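Please read the structure below before turning to the comments.
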There are 2 protein chains.
Amino acid sequence: MLGETTRDRKAERREATRQEILEVAWSLVREHGLAQLTLREVATRIGMRPPSLYTHFASKNAIYDAMFGSAWLEYEQLAARARVTLPAHPRARVRTMARNFFDFSVADLARYQLMNQRTIPGFEPSEHAFAPSVRVVRQTVELLGEIGVTDRGDVEILFALIGGLVDQQLANDPGGDSRSRLLDRAVTMWADGVGLPPGPE
Amino acid sequence: MLGETTRDRKAERREATRQEILEVAWSLVREHGLAQLTLREVATRIGMRPPSLYTHFASKNAIYDAMFGSAWLEYEQLAARARVTLPAHPRARVRTMARNFFDFSVADLARYQLMNQRTIPGFEPSEHAFAPSVRVVRQTVELLGEIGVTDRGDVEILFALIGGLVDQQLANDPGGDSRSRLLDRAVTMWADGVGLPPGPE
DNA sequence: GTCTATACTGTGATAGAC
DNA sequence: GTCTATCACAGTATAGAC
C-alpha cells in the first residue's frame with residue numbers, strides 16, 4: 001500500500017520531467033528549426049546537465065520519436081472532434097477535411113516537417129509512435145468511403161494534392177496564404193474528377 | 001603566351017579536381033543519403049586530407065550548392081531537349097511534361113531532396129545556383145501559357161499535384177511505381193478542371 | 001597555388017562516482 | 001537519478017611545408 005503510493009509518486013514525477021523535456025524541445029524546435037535541436041540546449045534550459053537527459057530518453061531520436069507520436073495524436077484528436085460536425089454533403093465534407101489538415105499543417109512548420117517529411121537524418125518513427133498516423137489515414141479513407149470514394153488511387157491523388165499545396169505554402173510563402181486560397185479550387189477539381197455530385201454552394 | 005598556356009593548364013587541372021570532388025560527393029550521397037555526406041569521406045575517397053577540400057570549396061554547403069546548381073542544370077537541359085518533340089495537343093503536352101519531371105525526380109532520391117526539399121539544415125542555395133531552377137519554372141509557365149493556361153493559381157495547383165505524387169512515391173514506395181500509375185489520371189483531372197479541350201486519346 | 005599538420009568548437013553518447 | 005569526466009566524430013580555421 002505504502003509501497004504503491006511511493007511508486008506512483010515517483011512515476012508521476014518521472015512523467016512530469018519527461019513532459020517538461022518534450023515541451024522545451026518543442027519550443028526550441030519552433031525557435032531554431034527542427035534539425036537544429038541540441039541536447040545541450042534542452043538540458044541547460046531545463047536546468048540539467050546534458051547526460052542526465054539519457055535517464056529519460058534513450059537517444060536524441062527517441063525525443064523526436066515521442067514528439068512525432070504526440071503531434072499525430074494531437075491531429076488525430078482534432079480530426080475526431082471535427083468529425084462530429086462534419087458536413088453530410090460530399091463536397092462540403094471533403095473541403096472541410098482538407099481545410100482542417102491544411103490549416104493544422106501550415107500552423108507549425110517544424111511540426112509538419114517532423115510529421116510528414118523525412119528531414120531528420122537517420123530518424124525513423126517507431127511503430128508505436130506511428131500508430132496514430134495509421135489510424136488517421138484509416139479514418140480518413142473511411143470517411144471518404146462514406147461519400148462514395150472507394151478507389152484508393154483517388155484517395156492518394158487527394159492526399160498528394162493537399163500535401164503538395166502545404167509543401168508549397170511552407171517552402172515559398174511561409175506565414176502567407178497564397179496556397180490556402182487555392183485549396184478550395186483544387187479540391188473542387190478533384191471532386192469533379194472523381195465524380196462527386198454537385199451540390200448547394 | 002607561355003604564361004597563358006600555363007594558366008590554362010592549371011585552370012583545367014583545378015576544374016578537373018572540382019569535378020572529381022563533385023562526382024565523389026554524388027556517389028556518397030546516393031550511397032548513404034543526402035544529409036550523411038561528410039567531408040572526411042569525400043577527401044579520403046579522393047586521396048586528399050579533409051582540410052584540402054577547402055582549397056576548392058569554401059565550405060560543405062558550397063559543395064551542396066554546386067550540386068544543387070548542376071542538378072537543376074541537368075533537368076533544364078533535359079526539358080530543353082524534350083521541348084522540341086513536345087506534343088502540340090494541350091493534354092498530351094501536359095502529360096508529357098508531367099511525366100518528364102516525375103521520372104527525373106523519382107530516379108534519384110538524394111537529387112530530388114536536394115533540388116526540391118529543404119532537407120539540409122542551414123543550406124540555402126545561392127542566387128547563382130538557383131538560376132536554372134528559375135529558368136525552368138519560367139519556361140514551364142510559358143509552355144503552359146501556349147496551350148491556354150494563363151491563371152497562375154492553376155499552374156501552382158499542377159505543380160503541387162505532381163510534386164505531391166513524387167513525394168508520396170519516394171516516401172512510401174521508393175523504387176516502386178504505385179504513384180507513377182496515378183500520374184496520368186491526376187493530370188487528366190487537372191486538365192478537366194482548367195478546361196483544356198478534350199482530344200484524341 | 002596546393003596540400004598537410006594541427007587544433008578548436010560543438011555534437012551525441014557512454015562510464016562510473018556520488 | 002543526477003553528476004563529472006570523457007570519448008568519438010563532425011565542420012572548420014590557420015600556419016606552414018612543398
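Since the model is a prediction, treat every value here as computed from it, not as a measurement. Chain identifiers are assigned alphabetically (A, B, ...) following the order of the sequence lines, protein sequences preceding nucleic acid strands; residue numbering begins at 1 within each chain. Hydrogens, waters and symmetry mates play no part in the numbers below; they use all other heavy atoms, side chains included.
What separates CD1 of B/Ile120 from P of D/dA10 is a distance of 16 Å, to the nearest Å. In this structure, NZ of A/Lys10 is placed 11 Å from P of D/dT2, rounded to the nearest angstrom. What separates CG of A/Leu37 from P of C/dA13 is a distance of 11 Å, to the nearest Å. Rounding to whole angstrom units, CD of residue A/Glu41 and P of C/dT11 are separated by 8 Å. Distance, B/Met48 CE to C/dT4 P: 7 Å, rounded to whole Å. Put simply, CZ on B/Arg49 is 12 Å from P on C/dT6, counting in whole angstrom units. Look at CZ on B/Phe57: it is 13 Å from P on D/dT12, rounded to the nearest Å. The interatomic distance linking A/Tyr54 (OH) with D/dC7 (P) rounds to 17 Å, in whole Å.
The phosphate of D/dT2 (OP1 or OP2) has a side-chain N or O of A/His56 nearer than 4.0 angstrom. Taking only side-chain nitrogens and oxygens, B/Arg14 never comes nearer than 4.0 Å to OP1 or OP2 of C/dG1.
Nearer to the 5' terminus of DNA chain C, by closest-nucleotide assignment, is the contact made by B/Thr17 (compared with the other of B/Arg40 and B/Thr17). Mapping A/Lys60 and B/Arg13 onto DNA chain C via the closest heavy atom, the residue that lands nearer the 5' end is B/Arg13.
Tested against B/Leu183 for a side chain to side chain contact (heavy atoms under 4.5 Å, CB included), the candidates B/Asp103, B/Leu161, B/Leu165 yield a single pass: B/Leu165.
For B/Pro51, taking side-chain heavy atoms from C-beta onward, the closest of the listed nucleotides D/dG11, C/dA5, C/dA13 is C/dA5. With distances taken from any side-chain atom of A/Ser52 to the nucleotides D/dC3, D/dG11, C/dA5, the minimum falls on D/dC3. Of the candidates D/dT2, D/dT4, C/dA13, C/dA13 carries the atom nearest the A/Ser59 side chain, counting heavy atoms from C-beta on.
The residues B/Arg83 and B/Glu146 are annotated as salt-bridged, a charged nitrogen and a carboxylate oxygen being separated by less than 4.0 angstrom. Look at A/Asp184 and A/Arg91 and you find no salt bridge, because none of the NZ, NE, NH1 or NH2 atoms lies under 4.0 Å from a carboxylate O. We find that B/Asp167 and B/Arg179 are not joined by a salt bridge, their nearest charged nitrogen and carboxylate oxygen being 4.0 Å or further apart. Salt bridge annotation for B/Glu156-B/Arg152: present, with a cationic side-chain nitrogen under 4.0 angstrom from a carboxylate oxygen.
Less than 4.0 Å separates DNA chain C from no heavy atom of any residue of residues 22-30 of chain A.
Within the nucleic acid shown, B/Thr55 comes within 4.0 Å of at least one base atom, counting heavy atoms only.
Aromatic ring centres of A/Phe101 and A/Tyr75: separated by under 6.0 Å.
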Q: Could you walk me through whether A/Val194 and A/Leu158 pass the side-chain contact (heavy atoms from CB on, under 4.5 Å) test, one step at a time?
A: CA-CA 10 Å; A/Val194 302; A/Leu158 178 64; over 6 Å; no
